[in-house]
Amino acid sequence: MSLEERIARADERGLAASGLACLDRCLPLLDGDEELLRPLWGSLADGSDWSAPLEKARGALLGLGGEEAAGAGGDEHAAAVGDEHAAAVGDEHAEAVRLVAHMLDTAPAERTAEAVRPWAESCSAVSLRVHRLLDPAAEGAPDPAGAEDPPPLVAAELRRQITVLELLEGHGKQGLRRALDVSGEGRRVLRAVVSRRARGNAESGV
């Protein structure tokens, strides 16, 4: 079953976990503390409202709070965050940071299947795009949609997305712990990639 098919059949918890896991794995691009997203994972486990911890995460990572976090100015602020974080690095990193900031900024406060599904679909595509932008094996290569042989970093992210959806479909909320572990593994990989790129840029004077 394809990733798109799994997203299409996922329930509200599976969709929210899928989107949140994508954001979690990409957190190193926002220089974020992983603990900021833990309350969101907790809300998926106990079924509680996640609007308050979501607003707190936005405030910490994007400098947004209250009405601004949910208002029309959020997209512009997310872009500004991308510019600020990426001021001293390459274009690919700058685009990746903006994409991740937008992922967080557009997370729905109301966690219903209708509200979360388009966000989960977007997070899936954005996370794959981010991993491609940062994958050394993808530099200079075309970016065809649905490539049969994606570069290694992208292929690993694709597997993680499918695994998270499988865990939630097969085990419900009992699969959240394993989904969090899978996301933590991906986050560590991406943090290492970001660090290597930063060292390379520093050494080359970029």
Side-chain angles (χ1 to χ4, degrees), residues 3-4 6-62 64-65 69-70 74-75 78 81 96-131 156-191 194:
L3 173 61
E4 292 78 9
R6 290 194 178 280
I7 293 175
R9 61 184 285 171
D11 62 10
E12 170 265 318
R13 181 181 280 119
L15 292 166
S18 177
L20 180 57
C22 289
L23 177 60
D24 200 330
R25 289 189 294 275
C26 293
L27 204 57
L29 283 156
L30 298 181
D31 297 328
D33 184 344
E34 63 195 64
E35 293 301 318
L36 288 169
L37 299 185
R38 286 300 179 96
L40 295 172
W41 285 103
S43 74
L44 294 184
D46 62 22
S48 61
D49 177 53
W50 79 353
S51 58
L54 178 59
E55 183 176 323
K56 182 177 180 180
R58 284 198 184 112
L61 295 168
L62 304 181
L64 295 176
D75 288 348
V81 168
V97 172
R98 285 192 291 268
L99 287 168
V100 177
H102 182 73
M103 197 190 311
L104 173 57
D105 188 54
T106 56
E110 184 181 5
R111 203 178 65 232
T112 64
E114 182 178 31
V116 175
R117 187 175 304 280
W119 180 66
E121 292 171 344
S122 175
C123 287
S124 172
V126 164
S127 187
L128 290 170
R129 174 65 179 161
V130 164
H131 282 74
E157 169 60 11
L158 179 60
R159 287 195 299 271
R160 290 186 182 102
Q161 288 193 26
I162 291 173
T163 297
V164 167
L165 287 161
E166 287 177 339
L167 287 166
L168 270 294
E169 181 178 358
H171 304 284
K173 70 177 183 179
Q174 302 304 322
L176 285 169
R177 168 52 61 183
R178 177 58 185 146
L180 184 58
D181 291 342
V182 169
S183 293
E185 175 189 343
R187 185 176 59 251
R188 289 189 290 273
V189 169
L190 196 63
R191 181 176 289 119
V194 170

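None of the values given here were measured: they were computed from a predicted structure.
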To the nearest 0.5 Å, tell me how far [X] [atom1] sits from [Y] [atom2].
X	Y	atom1	atom2	result
Leu61	Leu23	CG	CG	8.0 Å
Leu54	Asp105	CG	CG	9.5 Å
Leu190	His131	CG	NE2	4.5 Å
Arg6	Glu169	CZ	CD	6.0 Å
Glu55	Leu62	CD	CG	12.0 Å
Leu20	Leu15	CG	CG	12.5 Å

Item to complete: Test Asp24 against Leu40 for side-chain contact (heavy atoms from CB on, under 4.5 Å), laying out the working first.
Response: CA-CA 10 Å; Asp24 200 330; Leu40 295 172; over 6 Å; no

For the residue pair [X] and [Y], establish whether any side-chain heavy-atom pair is separated by less than 4.5 Å.
X	Y	answer
Leu27	Leu36	no
Arg129	Leu99	yes
Met103	Ser122	no

Any donor-acceptor pair under 3.5 Å from [X] side chain to [Y] backbone:
X	Y	answer
Gln161	Ser124	yes
Thr163	Arg159	yes
His102	Arg98	no

Do you know the tightest heavy-atom contact between [X] and [Y]?
X	Y	result
Cys26	Val100	CB-CG2, 3.6 Å
Glu157	Cys22	OE2-SG, 4.2 Å
Glu35	Pro39	O-CD, 3.4 Å
Leu29	Ala96	CD1-CB, 4.0 Å
Ala57	Leu37	CB-CD2, 4.2 Å

For residues 108-118, run the donor-acceptor check on the side chains, cut-off 3.5 Å, and write out each pair with its distance to 0.1 Å, sequence neighbours left out.
from, atom 1, to, atom 2, distance (Å)
Arg111, NE, Glu12, OE2, 2.8
Arg111, NH1, Ser43, OG, 3.2
Arg111, NH1, Ser48, O, 2.9
Arg111, NH2, Ser43, O, 3.4
Arg111, NH2, Ser48, O, 3.1
Thr112, OG1, Ala115, N, 3.2
Arg117, NH1, Ile7, O, 2.9
Arg117, NH1, Ala8, O, 3.1
Arg117, NH2, Ala10, O, 3.2

Practice prompt. Output, in order, the C-alpha distance, side-chain angles, deciding distance and verdict of side-chain contact (heavy atoms from CB on, under 4.5 Å) for Val97 and Val130.
Written response: CA-CA 8 Å; Val97 172; Val130 164; over 6 Å; no

Discussion item. Just to verify, what does Glu4 make a salt bridge (charged side-chain N to carboxylate O under 4.0 Å, His left out) with, not counting sequence neighbours?
Written reply: none

Listing, residues 173-185 side-chain donor-acceptor contacts under 3.5 Å, not counting sequence neighbours, or none:
from, atom 1, to, atom 2, distance (Å)
Ser183, OG, Arg25, NH1, 3.2
Ser183, OG, Ala179, O, 3.2
Glu185, OE2, Arg160, NH2, 3.4

